[in-house]
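Below, chains carry the letters A, B, ... as their sequence lines are ordered, and counting in each starts from 1.
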There are 2 protein chains.
Amino acid sequence: MKYTKATNYALHMIVYMIEHAQSGNLSLHTLADHFNVSATYLSKILTQLVKADLIESTSGANGGYALRKKMEDISYMDVIKATEGTGSLFECKFQEGSKCLIQNVMAEAENLMETYLRDKKLYEVAKIQIGKGKSF
Amino acid sequence: MKYTKATNYALHMIVYMIEHAQSGNLSLHTLADHFNVSATYLSKILTQLVKADLIESTSGANGGYALRKKMEDISYMDVIKATEGTGSLFECKFQEGSKCLIQNVMAEAENLMETYLRDKKLYEVAKIQIGKGKSF
DNA sequence: ATATTAAAGACTTTATTTATCTATAATAAT
DNA sequence: ATTATTATAGATAAATAAAGTCTTTAATAT
Ligand code: SF4
Ligand code: SF4
């Protein structure tokens, strides 16, 4: 069980977009170049962030991506949910319906992590990294 | 990111072994039959639990598996570490050495979950399920 | 010596993640 | 209108990881 690379990408995209919030739209091309990752794959991840309403996209010349949500409000968990999905980490395949004690414990553990990550905003990272150069 | 099926198996093995702690060794055959899962695959998982010193195994007739650690002390996290490994959930592949803020936040979140699961013992589930029949 | 049991290794299958390629749609600039 | 620029979507491929099987070996009790 590991976070996917997509989540790593997504977190960095948001941080970068926070740092460049004044620069207008950032194109896929710009982002892919800067982070030196596959453009079309990155595109899918950015689209997930769009669908999660964290960022918005505009087509055409001078288009690209920009933050949609207030930057101070974007939490780690917002991003993680967008890329990892919303299901529980522990899902029993044997007796799916019945909520059991094991599942309750695992869910409560996940809740603790989740609550923490919902409180932590990516803005905090960005602020510190401004002036420190590239984050990736 | 999901817990593997192996973790699900392992948690249930421990619960079952706690419930049958008086019955002497439980053979792979017995366990695989009872839970109706692949014997050789289950074997690998049990071996992981042996290596984690949660249970012990003895070869030969009347051999099998039995708890090694005191049953009241076996936590969810003990089992999870045995099957999922000990690495962090979030591992950055880009600048591995440098501990950054993102990694710190993700690690702290994981810590909260971990601490909770280290405190929760599987014994509690077993006690309740005694008298309620099969757990799987 | 034999039967019973676990462990280990090589391997296959399946599922998931990561990545690419191509076509389509939207928009701005000319 | 046409063209250039941009994002989205779908199909597919490649890479990696998880789940499962098969076979051999080692240990132990009878
Ligand atoms: S900022 Fe942290 S997570 Fe991002 S590339 Fe650097 S080390 Fe990795
Ligand atoms: S006890 Fe819970 S985790 Fe286990 S099989 Fe039943 S529902 Fe699934």
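One can place NE2 of A/H29 at 17 Å from P of D/dA4, the figure rounded to the nearest angstrom. Separating the CD atom of B/E91 from the P atom of D/dA17 is a distance of 11 Å, rounded to the nearest angstrom. Atom pair A/K5:NZ and D/dA15:P shows a separation of 13 Å (rounding to whole Å applied). Rounded to whole Å, atom P of D/dT28 lies 13 Å from atom CG of B/N25. Rounded to whole angstrom, the span from the NZ atom of B/K2 across to the P atom of D/dA17 amounts to 19 Å. For A/I55 and D/dT8, the CD1 to C1' distance is 13 Å, given to the nearest whole Å.
Between B/T7 atom OG1 and B/K81 atom NZ the span is 11.0 Å, to the nearest 0.5 Å.
For DNA chain C, the outermost nucleotides in 5' to 3' order that have an atom under 4.0 Å from a heavy atom of chain A are C/dT18 to C/dA29.
Annotation: side chain of A/L31 is in contact with side chain of A/L42 (closest heavy-atom distance under 4.5 Å).
Ranked by how close their nearest DNA chain D nucleotide is to the 5' end, B/A61 and A/G64 are led by A/G64. Across the interface with DNA chain C, nearest-nucleotide mapping of A/G60 and B/Y65 shows B/Y65 to be the residue nearer the 5′ end.
Picking from D/dG20, D/dT5, D/dA7 the nucleotide with the shortest atom distance to the side chain of A/S57 gives D/dA7. Considering only the side chain of B/N62, D/dA29 comes nearest among D/dT6, D/dT8, D/dA29.
The two residues B/Y116 and A/V105 come nearest to each other via the heavy atoms CE2-O, 3.5 Å.
Looking at B/K69 and B/D78, a side-chain N of the basic residue comes within less than 4.0 Å of a carboxylate O on the acidic one, giving a salt bridge. Between A/E72 and A/K121, no side-chain nitrogen of the basic residue sits less than 4.0 Å from a carboxylate oxygen of the acidic one, so the salt-bridge criterion is not met.
Proximity of residues 40-47 of chain B to DNA chain D (heavy atom under 4.0 angstrom from any strand atom) is restricted to B/T40, B/Y41, B/K44.
Ring centers of A/H12 and A/Y16: at least 6.0 Å apart, outside the cut-off.
In summary, the side chains of A/S75 and A/D119 do not present any donor paired with an acceptor at a separation below 3.5 Å, with no hydrogens or angles considered. Between the side chains of A/T40 and A/S43, no donor-acceptor pair of N or O atoms lies under 3.5 Å. Of the N and O atoms on the side chains of B/T83 and B/Q48, not one donor lies less than 3.5 Å from an acceptor on the other residue.
Note on B/T4: every side-chain N or O is 4.0 Å or more away from OP1 and OP2 of D/dA18. Distances shown here put a side-chain N or O of B/Y9 below 4.0 Å from the OP1 or OP2 atom of D/dG20.
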